[in-house]
Every structure is written in C-alpha cells, then in structure tokens.
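Okay, so here's the structure we're looking at.
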There are 2 protein chains.
Amino acid sequence: MSGNESCIVRHFKHYGPLSESDTKLLQALEKEPISGTSGQTLWEEGDKAGEICTIKSGWAYSYRNIDDGTRQVLDVFLPGDIVGLREFAFKERMSGIKLLTDSVICRFPHNHLIDIFRDSTKLTTIFFSISARQQTLLTERLVNLGRRNAFEKTAHLVYELYMRLKRTNPELGNSFELPLSQQIIADALGLSAVHVSRTFSELREENMICRERNHVTLLDIERLESVIGFSKAYLQEQDYLSYVS
Amino acid sequence: MSGNESCIVRHFKHYGPLSESDTKLLQALEKEPISGTSGQTLWEEGDKAGEICTIKSGWAYSYRNIDDGTRQVLDVFLPGDIVGLREFAFKERMSGIKLLTDSVICRFPHNHLIDIFRDSTKLTTIFFSISARQQTLLTERLVNLGRRNAFEKTAHLVYELYMRLKRTNPELGNSFELPLSQQIIADALGLSAVHVSRTFSELREENMICRERNHVTLLDIERLESVIGFSKAYLQEQDYLSYVS
DNA sequence: GTCCACAGATAACATGGGTTATGTGATTTA
DNA sequence: TAAATCACATAACCCATGTTATCTGTGGAC
C-alpha cells in the first residue's frame, strides 16, 4: 500500500505529514472500493444520506434538477475528492451524483466520521479544512455565475479544473482529458449548450483554449488568468498541523 | 447569562442539548464583544485570516470585488451566524465583510477552534454540521444564479432570508425588516439594480412580496414556494448528537 | 458495411435583462 | 429652510444569450 499510496491519503498529505495511526484511520476510508461505470447514478436528490464517499479513481458530478426540466451542475469531482460532505447535517441528499467516467468509489458512513472526530484532532482539522475549501470553491463559482459573461465563465471552469488537477498532479502539462460534454458544461455555467459551443469556438479563435473531443489544451495560460481575474490567494493554504501535533 | 442566553449558544442548541462544559466552551466564543456601525468594514479581501466571528446582533454581508468594478455578494449573515469559517483553510480572506446594521461581533481565533476539536466531539460535530449547512446554502444560491430568472431569483432571496430568520425566531410572522438596498440585492443575484427595482414592482403587482423601505411583507407564501420550487428537504436536518454523547 | 444515436457546429431569430437617462420623494447637512 | 445626497421608479434602447432548426462527423450495434 505504501508504494501504491491510496488516493485519499495522498489528498490528506497535501495538508501535512500524517502519523502511522492517522494514516491507518484514514485508510479505513477506502475499504471496500466499488467500481461504477460512466453515466451511472450514485444517488439521487431525496435519497437517504448517511455516508460520504471518496473517489479513488474517475470523475463525477453533482447536480440539482429544476422544475422546468433544466438542471444545475453543482460540483465536478476529481480523483481523491470527497463527495457528500455537505449532507453531513441533513437526512436527505440535496443533489444527485453521476459518474463521468468509469470510477472506483469508497463509501464511508457518517458515524465513522464522528469516530475520527473523537480519535484524531489532526484528521478532524484536515476534514474541516477540506469542508472549508469546498466552500471556497463554491463561492468562486458563485462569482462565476453572478458576474461573468459566457466567455469568462467557460475560461474559468476549464482553468479551475486545470488548477485542481495540478494540485494533486504537479507534473501536469498544459493539456488534459476533460470528460464533460458541452451540455454538462452548460448546466454547470447556467448557459445553453448551443452557447457553450459558440464560446469554445471563440476561445479557439482567440488562441486561448482548444477543446477537441474530451481533450483540452490551454494555449495561453497568462491570458486565461487575466481574463478571469485570477488571484493566487486561494492557493495560499493554511498549515495548522504543526499546531495540532 | 442563562436568562439572556447567548446567541451562539442558542444557535448551537438548535442542533441538540448541550452539557454544562460544552456550554462553557461555547460561551468563550462570545468573549469580548465589539460593536460596529452600519456600513463598517470588518475585513477586506486579502487581509490576513486568523479568526472566525460570531454575530451577536445585527446583519452583515460578504462580497468579492470584480475587476470590472462590479461585485458579487456571497452571503448575508444574520444574528447568531458564524462568519469566516470558510477561510479556516487559508491564510488570507477570500472576501470582504461589511455590516448592514449596527452590530455586535465576537472574534475567535482559529487556534481556539482546534482546541474545541480536541476537547469536545459534540461541539466539533456541530461545527462540522454548520460548515456543511453553509455549503448547502451556497449550492442553493448556485442554483438560483444559474437557472432562475430575475423574478424567481428575487423571490428566492427574500424567501431564503425569511426561512433563516424563522429558524431562530419561530414566532416570526409574514413580515420582517430587510436592511438590504436594491444595489446589494442586485450584487447578490447577479442583476442590475435597475432590474431589481423592476422585479420588486412586478412582485408587488403579483401580490407576492411587498417591499417598502427596509421592510418586506410576504403576501402569498404558498405561491412564493411554488415559484421557487421550494422543497422542504433542506430543513430535514440530521441529529447526530445522540450518537456523540 | 449499414444503420443509428449522439455530440457538436452553425445560422436565424427572439427575448430577458443591461445600460443610460431622467424624475421623485426622503433624509441628511449646512 | 435650502441644498445636497441617496434610494428608488420608470422609460427607451441595445446586446448577450436563449431557442429552434439543420447539418456534420464519430462511434457503437448488429
């Protein structure tokens, strides 16, 4: 397990070194991995909520269906991400989850999370940081939906995913697989699929982003950053673990 | 202190009964209250982040300034709310905070939060629930910005605030003080102030919401709920405290 | 290899909401 | 009391994005 380190452990180590016992506690998060196929529904809005999941491999997204037949995509989840944290306080799922690729998922009941709160201040602090970080991503998306036009929205979405991939894969170049259809991108950005198509054409004409099939290349990262008003602030993460241990 | 129960303790008791010692730990959150006046800036984007705040009394809002001179309002905070939780994982503030009314605020350093993680599984669970609940509110706003028109957006904002007030003030009628200018509402909904004005005119014509000065009256709550596709799901909160204690 | 389903591109047209401008009443300042 | 400021209402005009429709290319099923 040490050579082929678990995805969740790698994710947590991003926040600082872990002790033997913390690593063991954490590895319990990845017991009984189950695999799913692209398009599969993990759960739907209104289902009973009693567990969180870690994504060992693959991509997924969460969404809310709207009465008028449209839907809003709320998050896109990448390998190593934790899914379902925000329903910790609720009895029902507030949003559905579907897989974007074939994936491996590990389920973990809320009660075990509380056991971790009791047993490890360090892991608790990290879980709390992860929840805070998810909030920060959501507020960033709020800005995206509220105050940017289609061009900026689309650039931002691609760039956000790029940065998140790079966080766990520092060696990532300027090009990656993006298993999102234009319809899903539209549902994430509050746009129509037609306009997303127009916008990607424009991004290519401007030599900023080239998307073909499920593969994107960032052609001019500096200009991307200036278009979306990127600030490096939300990379400045805190390190409390020295205080904790 | 027991007759005039602290706001934060009342907020936490919403999640279940607290022991003597937990109540004491919690009351430390409201030491050294400082008062501020309407319009005052508590902190700005980029300031050093090292504490959370509880709002003992008054209203506030958080916002991000956008390069083009506009801004996005991210949250509106009510008495009893906790502010700044999402920067727990970061060194800098991701958004500014301003007071909407004269208020009383209590500051609480992040280190103390970690002390609570170590000392009380119950309070930790509640803090985690609050963070999760804040995430849920954010996703609800994401839906609002992404997939609703101006009429629905405005109805939703007013209704959300109404429900949140009612959560801590169950006796609240169908009318309350709303210290938000149309400009701030516009910045929260991704609209222009002019269109917010148009929309409130429409809401009044439809006999759904009447807003005059800083006072709103909900004229037809049922129709409001149907317009925004309200589901009671996000009131179905979980109760883990029996498991914890 | 043929057929089918689906993702995507593009075009023509419609519209919700932005922008700019002007007016009004309420509140504050002098 | 006069002047200045502010929050809001309303109207005219415009544009970004939605809607509907058609066409193309690709990959899967058989």
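Each chain gets a letter, A, B and so on, in the order its sequence line appears, and its residues count up from 1.
- Look at CD on E212(A): it is 12 Å from P on dT26(D), rounded to the nearest Å.
- Atom-to-atom, CD1 of I184(B) to P of dC8(D) comes out at 9 Å; the value is rounded to the nearest Å.
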Heavy atoms under 4.0 Å is the rule here; annotate nucleotides 5-15 of chain C 5' to 3' with B where the base is hit, S where only the sugar-phosphate is, and - elsewhere.
---SBBBB---
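- Checked against a 6.0 Å centroid threshold, the rings of Y159(A) and F230(A) count as neighbours.
- Inter-residue side-chain proximity for T54(A) and F108(A) is flagged as unmet; no heavy-atom pair is nearer than 4.5 Å.
- Looking at residues 141-151 of chain B, you'll see N149(B), A150(B) sit with a heavy atom under 4.0 Å from some atom of DNA chain C.
- Atom pair H215(B):NE2 and dC8(D):P shows a separation of 15 Å (rounding to whole Å applied).
- For Y61(B) and Y63(B), the gap between ring centers is short of 6.0 Å.
- Defined by atom type and a distance below 3.5 Å, a donor-acceptor pair is present between the side-chain atoms of R86(B) and S95(B).
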Run the numbers on N144(B) and E140(B) for side-chain hydrogen bond (donor to acceptor under 3.5 Å, both in side chains), then give the verdict.
CA-CA 6 Å; N144(B) 210 30; E140(B) 191 61 35; over 6 Å; no
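- One N or O on the side chain of R141(B) and one on the backbone of L74(B) form a donor-acceptor pair closer than 3.5 Å.
- Using a distance-only test at 3.5 Å, with no hydrogens or angles considered, no donor-acceptor pair links the side chain of S62(A) to the main chain of I97(A).
- Under the 3.5 Å distance criterion, the side-chain polar atoms of E225(A) are left unmatched by any main-chain donor or acceptor of E222(A).
- Closest-nucleotide positions on DNA chain D for E205(B) and L191(A) were compared, and the one nearer the 5' end corresponds to E205(B).
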